[in-house]
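Scroll down for the structure; my scribbles are underneath it.
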Amino acid sequence: MSKEVVKLKNISKKFDMPGKEISVLKNVDLIINKGELISLTGPSGSGKSTLLHIIALLDKPTSGEVFFKNKSFSEAKESQKDLVRKKGISIIYQQNNLLSDFTALENVSIPLLNNGYSLKESIKKATKTLASVNLSNRANHFPSELSGGEQQRVAVARALITEPDIILADEPTGSLDRETSDEIFSLFLKLKTKKRAILYATHNRELSNRADYKLKILDGNIFIKNNE
Ligand SMILES: Nc1ncnc2c1ncn2[C@@H]1O[C@H](COP(=O)(O)OP(=O)(O)OP(=O)(O)O)[C@@H](O)[C@H]1O
Ligand SMILES: [Mg+2]
């Protein structure tokens, strides 16, 4: 079986703004394989979030092709993309990750309910997944009753529960202290052994150095970067 999870072929992304055009990504090529833990760095505004959204099939490139598990999604219908977003790809945002009217346990269960699991099955698996991020004791808390790190761990649990092929994390530890970022990062390391791919955008040099390899976006181009 192919190890390839995502392939970007000649991706460009421009935003049309009144009176000017912003060229964010220029002819980007990239292959992500199972089991890889990859960091994504680059100055603010360089296009990290844009790239993650394109990979997640949430945004369309201006030109170029996105493949998920060897299938091109350039001409795909929304319903086909929806299916991949539900089962194959999870995205973790830096903030406002969780639904505020739902408890931690409910937030983690929702992706399974959306995938057609019964309430009972969803709750059972969500309980187990919350335990895997050490949050059993916060299951019935609402997001406003959780610390930033706890909220982020719920978001990680929610990203994991569908057992996706790739997890995209947009500065998942951006607002966390060192100890909590380390905790989130160890969760990523645990996942890596399960043959998933993880791509995380970060401004933190130390965390970025812990990836298998590092990507950097600069002036719309993507490079593989050596440790610094
Ligand atoms: N919907 C949009 N319309 C117009 N311009 C946009 C849009 N989304 C992003 N941009 C622009 O594209 C550029 C890249 O934005 P992006 O959010 O990808 O950067 P980033 O690398 O994630 O930055 P940060 O580190 O600050 O999160 C920015 O200059 C931004 O202003
Ligand atoms: Mg961003």
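Every number for a ligand or one of its atoms is a count from 1 in the order of the listing.
Protein heavy atom nearest atom 27 (O) of ligand 1, with residue, atom name and distance: E171 OE2, 3.4 Å. Annotation: atom 1 (N) of ligand 1 to nearest protein heavy atom, F15 CE2, 3.7 Å. Looking only at protein heavy atoms, the nearest one to atom 26 (O) of ligand 1 is S44 OG, 2.6 Å. The protein heavy atom nearest to atom 25 (O) of ligand 1 is K48 NZ, 2.7 Å. G45 O, 3.7 Å is the protein heavy atom nearest to atom 29 (O) of ligand 1. For atom 17 (O) of ligand 1, the nearest non-hydrogen atom of the protein is S49 CB, 3.6 Å.
Proximity to S46 (heavy-atom distance under 4.0 Å) selects the following atoms of ligand 1: 19 (O), 21 (O). Near M17, meaning under 4.0 Å from one of its heavy atoms, ligand 1 places the atoms 4 (C). Close approach of ligand 1 to P43 is summarised as follows: ligand atoms under 4.0 Å from at least one heavy atom of the residue are 21 (O). Less than 4.0 angstrom separates some heavy atom of V24 from each of these atoms of ligand 1: 12 (O), 13 (C), 14 (C). The T50 neighbourhood of ligand 1 comprises atoms 14 (C), 15 (O), 16 (P), 18 (O), with distances under 4.0 Å to a heavy atom of that residue.
In this structure, E145 and R138 have side chains that are not in contact, with every pair of non-hydrogen atoms separated by 4.5 Å or more. With contacts defined as side-chain heavy-atom distances shorter than 4.5 Å, the pair V84/K71 does not qualify.
Residue contact annotation: S44 places no N/O/S atom under 2.8 Å from the Mg ion (ligand 2).
Heavy-atom contacts from other residues, nucleotides or ligands closer than 6.0 Å to NZ of K69 number 12 or fewer. For K9, the NZ atom sits in a loose shell: 12 or fewer heavy atoms of surrounding residues, nucleotides or ligands are nearer than 6.0 Å. Annotation: Y117, atom OH; neighbour count of heavy atoms from other residues, nucleotides and ligands within 6.0 Å does not exceed 12.
Within the 4.0 angstrom cut-off, atom 31 (O) of ligand 1 has no protein heavy-atom neighbours.
To the nearest 0.5 Å, the span separating CD on E75 from CD on E65 amounts to 8.0 Å. Interatomic distance, OG of S122 versus CD1 of I110, reported as 10.0 Å (0.5 Å rounding).
Ionic pairing of K81 and E78 is present here: one or more N-O contacts between side-chain nitrogen and carboxylate oxygen are shorter than 4.0 angstrom.
Note: the hydrophobic cluster containing I217 does not contain L37 (ILVMFWY, side chain heavy atoms under 4.5 Å, direct or indirect links).
In terms of N/O distances under 3.5 Å, ligand 1 is not approached by G42.
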